[in-house]
Protein chains: 2
Amino acid sequence: MDKDISYKDKKVISIGVMRELTGLSERQIRYYEERKLIFPERSSGGNRKYSFSDVELLMEIANKIEDGVQTFEIRQEIVKEKKKEEQKAIRKKMLQGQLNAQFGIKNYK
Amino acid sequence: MDKDISYKDKKVISIGVMRELTGLSERQIRYYEERKLIFPERSSGGNRKYSFSDVELLMEIANKIEDGVQTFEIRQEIVKEKKKEEQKAIRKKMLQGQLNAQFGIKNYK
DNA sequence: CGTGTAAGGAATTCTGACACG
DNA sequence: CGTGTAAGGAATTCTGACACG
């Protein structure tokens with residue numbers, strides 16, 4: 001049902017390329033993963049693979065770190081964001097359900 | 001002046017990931033490069049880097065090869081495509097020049 | 001806490017060549 | 001012509017640890 005994930009979210013970028021794209025060290029990139037701020041996929045051999053979205057995410061993380069924000073705070077922000085997104089999805093689904101039940105409107109956007 | 005190149009054309013994908021994405025062997029991918037059908041960038045260490053556009057290009061190439069088209073013919077098609085694109089750009093530029101000279105219209109699209 | 005680094009090993013990629021056909 | 005493969009080497013990446021602070 002979902003469209004195939006766009007290029008932006010395809011995990012295809014190695015950590016070396018990530019280093020070039022973000023200007024961060026590999027150590028930093030791995031550490032942010034350890035602190036649950038970023039979630040690369042793995043190749044069959046165990047190598048990390050990132051998406052372009054991850055590039056943007058890492059840039060934001062780096063900015064916050066520079067501003068003195070600690071990783072656990074950043075993680076909280078991320079969790080909050082995620083919950084907001086979920087709420088949004090739920091509200092939309094409920095509205096869709098009502099529209100559908102009362103008027104038979106499909107695919108309200 | 002140009003917008004920064006979109007994700008689609010950024011050369012960030014290793015040949016191993018290309019193999020997974022296209023289903024082609026590394027041998028095939030390298031061979032098509034040898035035959036000037038595809039043009040990866042190189043990392044400082046010499047490793048090939050491809051874009052998502054290259055993924056699509058390789059898929060088309062693979063289809064043609066399957067249909068019995070030879071690499072030199074595919075190359076000719078690519079050259080033709082490129083010339084067409086150039087002509088299009090030139091015509092657009094000339095039209096823009098005339099609009100600009102006669103009416104001062106900027107950025108006709 | 002966040003990051004650098006040296007260490008040893010494993011996965012990845014590279015090139016040039018031989019093979020088949 | 002297009003592709004597979006074994007060969008040897010180089011670049012890349014991985015993890016766990018020590019260090020500083």
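- Taking the side chain of A/Ile65 as heavy atoms from C-beta on, and the options D/dC14, D/dG2, C/dT3, the nearest nucleotide is C/dT3.
- Nucleotide C/dT15 holds its C1' atom 12 Å from the CD atom of B/Glu33, rounded to whole Å.
- A residue-by-residue look at B/Gln70 and A/Gly16 shows that B/Gln70 has its nearest nucleotide of DNA chain D further toward the 5' end.
- The base-pairing partner of D/dG16, taking Watson-Crick or G-U wobble contacts with both distances under 3.5 Å, does not exist among the strands shown.
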Notebook entry, point to check: What do the steps show when you test B/Lys82 against B/Glu86 for salt bridge (Lys or Arg N to Asp or Glu O under 4.0 Å), and what is the final call?
Noted result: CA-CA 6 Å; B/Lys82 205 169 283 177; B/Glu86 285 169 9; over 6 Å; no
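- To the nearest angstrom, P of C/dT3 lies 11 Å from CD1 of A/Ile61.
- For D/dG2, the OP1/OP2 oxygens have a side-chain nitrogen or oxygen of B/Arg35 closer than 4.0 Å.
- For the pair A/Lys49 and B/Val17, the minimum side-chain heavy-atom distance is below 4.5 Å.
- Using N1 to N3 plus N6-O4 or O6-N4 for Watson-Crick, or N1-O2 and O6-N3 for G-U wobble, each under 3.5 Å, C/dA6 pairs with nothing.
- Rounding to the nearest 0.5 Å places OG1 of B/Thr22 at 10.0 Å from CD1 of B/Ile61.
- If you measure from atom CD of B/Glu41 to atom P of C/dC14, you get 14 Å, rounded to the nearest angstrom.
- With DNA chain C read from its 5' end, the first of the two nearest nucleotides for B/Arg48 and A/Ser44 is the one closest to A/Ser44.
- At C/dG2, none of the side-chain N or O atoms of A/Tyr32 fall inside 4.0 Å of OP1 or OP2 (strictly under the cut-off).
- Look at CZ on B/Arg19: it is 14 Å from C1' on D/dG4, rounded to the nearest Å.
- A donor and an acceptor atom never sit less than 3.5 Å apart when one is taken from the side chain of A/Arg30 and the other from the base of D/dT15.
- The nearest whole Å value for the distance from the CZ atom in A/Arg27 to the C1' atom in C/dG2 is 8 Å.
- Between the C1' atom of C/dT12 and the OH atom of B/Tyr50 lies a distance of 13 Å, rounded to the nearest Å.
- Taking atom CG of B/Asn47 as the reference point, atom P of D/dT13 lies 8 Å away to the nearest angstrom.
- Distance alone, capped at 3.5 Å, places no donor-acceptor pair between the B/Arg35 side chain and the B/Arg75 backbone.
- When each of C/dT3, C/dG2, D/dG2 is scored by its nearest atom to the side-chain atoms of A/Thr71, the top-ranked nucleotide is C/dG2.
- Mapping B/Gly45 and A/Phe72 onto DNA chain C by nearest heavy atom places A/Phe72 closer to the 5' end of the strand.
- The interatomic distance linking A/Arg75 (CZ) with C/dG2 (C1') rounds to 14 Å, in whole Å.
- The phosphate of D/dG2 (OP1 or OP2) has a side-chain N or O of B/Tyr31 nearer than 4.0 angstrom.
- The shortest heavy-atom contact between B/Val55 and B/Met18 is CG2-SD, 3.5 Å.
- The phosphate of C/dT13 has OP1 or OP2 within less than 4.0 Å of a side-chain N or O from B/Ser14.
- Taking 4.0 Å as the cut-off between side-chain N and carboxylate O, A/Glu56 and A/Lys8 count as a salt-bridged pair.
- Within the 4.0 Å cut-off from OP1 or OP2 of C/dT15, at least one side-chain nitrogen or oxygen of B/Arg42 is found.
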